[in-house]
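One is the number of the first residue; the rest follow in order along the sequence. Remember, it's a predicted structure, so these values are computed and weren't measured experimentally.
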Amino acid sequence: MARIHIETFCHTKRVSRGDGAFVRRAIEERWSDSEPVVLDFEGVRIASVSFFDEALGLLARKHDIDTLKSHVKVENIDPADRQLLNRIVLARAKERRMDAADGSSPR
């Protein structure tokens, strides 16, 4: 099981879309692994919509939530960050469902 410790992996780069894309690419590289990627947020507070949207929101836009949950596990995340992440993932999942209903493809 791949474990990405965000503090070590990102160092201080945990705010921008580019920072989140760095994490998303690491997840996508391991997407076909039999075990989920674990994102370990121990010791960090993100509080960045841009970071979370780019890292996980775009994956929720592409994949249903159950698939996302089977490929990515989030551990040791600050409760406020968890709420923010959940809102972003749910919003992107809703966009995905709306596009599917009207025949659009994900952006």
Indicate every side-chain donor-acceptor pair of residues 49-59 with a distance under 3.5 Å to a residue at least two apart or in another chain.
residue, atom, partner, partner atom, Å
D53, OD1, R92, NE, 2.8
D53, OD1, R92, NH2, 3.4
D53, OD2, R17, NH1, 3.2
D53, OD2, R17, NH2, 2.7
D53, OD2, R92, NH2, 2.7
E54, OE1, R17, NH1, 2.8
E54, OE2, R24, NH2, 2.5

All pairs passing ring pair (Phe, Tyr, Trp, His ring centres under 6.0 Å) where residues 82-104 contributes a residue, at least two apart
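Residue pairs passing ring pair (Phe, Tyr, Trp, His ring centres under 6.0 Å), neighbours aside: none found.
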Which pairs, with at least one residue in residues 68-95 and sequence neighbours excluded, count as a ring pair (Phe, Tyr, Trp, His ring centres under 6.0 Å)?
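Sorted pair list: W31-H71.
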In terms of side-chain geometry, is the basic nitrogen of D64 or R97 positioned less than 4.0 Å from the acidic oxygen of its partner?
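A salt bridge is absent here (no side-chain N lies under 4.0 Å from a carboxylate O).
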In the hydrophobic cluster built from side-chain contacts under 4.5 Å, what are the other members alongside M98?
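Hydrophobic cluster check, M98: no partners found.
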Just how far is it from atom [atom1] of [X] to atom [atom2] of [Y], taken to the nearest 0.5 Å?
{"X": "R96", "Y": "D99", "atom1": "CZ", "atom2": "CG", "result": "9.5 Å"}
{"X": "E29", "Y": "I27", "atom1": "CD", "atom2": "CD1", "result": "10.5 Å"}
{"X": "L68", "Y": "K62", "atom1": "CG", "atom2": "NZ", "result": "11.5 Å"}
{"X": "I77", "Y": "L85", "atom1": "CD1", "atom2": "CG", "result": "5.0 Å"}

Mind checking side chain to side chain contact (heavy atoms under 4.5 Å, CB included) for E75 and listing every partner two or more places apart, or none if nothing turns up?
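Scan of E75 (side chain to side chain contact (heavy atoms under 4.5 Å, CB included), adjacent residues dropped) gives R3, V38.
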[X] (side chain) donor-acceptor with [Y] (main chain) under 3.5 angstrom:
{"X": "D19", "Y": "S16", "result": "yes"}
{"X": "D81", "Y": "I46", "result": "yes"}
{"X": "D78", "Y": "A80", "result": "yes"}

Heavy-atom side-chain proximity of L90 to I65 below 4.5 angstrom
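Yes - at least one pair of side-chain heavy atoms lies under 4.5 Å apart.
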Return all side-chain donor-acceptor pairs below 3.5 angstrom for residues 8-15, not counting sequence neighbours, or 'none' if the list is empty.
residue, atom, partner, partner atom, Å
T8, OG1, H5, ND1, 3.2
H11, NE2, T8, O, 3.1
R14, NH1, H11, O, 2.3

Minimum heavy-atom distance between P36 and M1, given as atom pair plus value:
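Residues P36 and M1, closest heavy atoms: O-CG, 3.1 Å.
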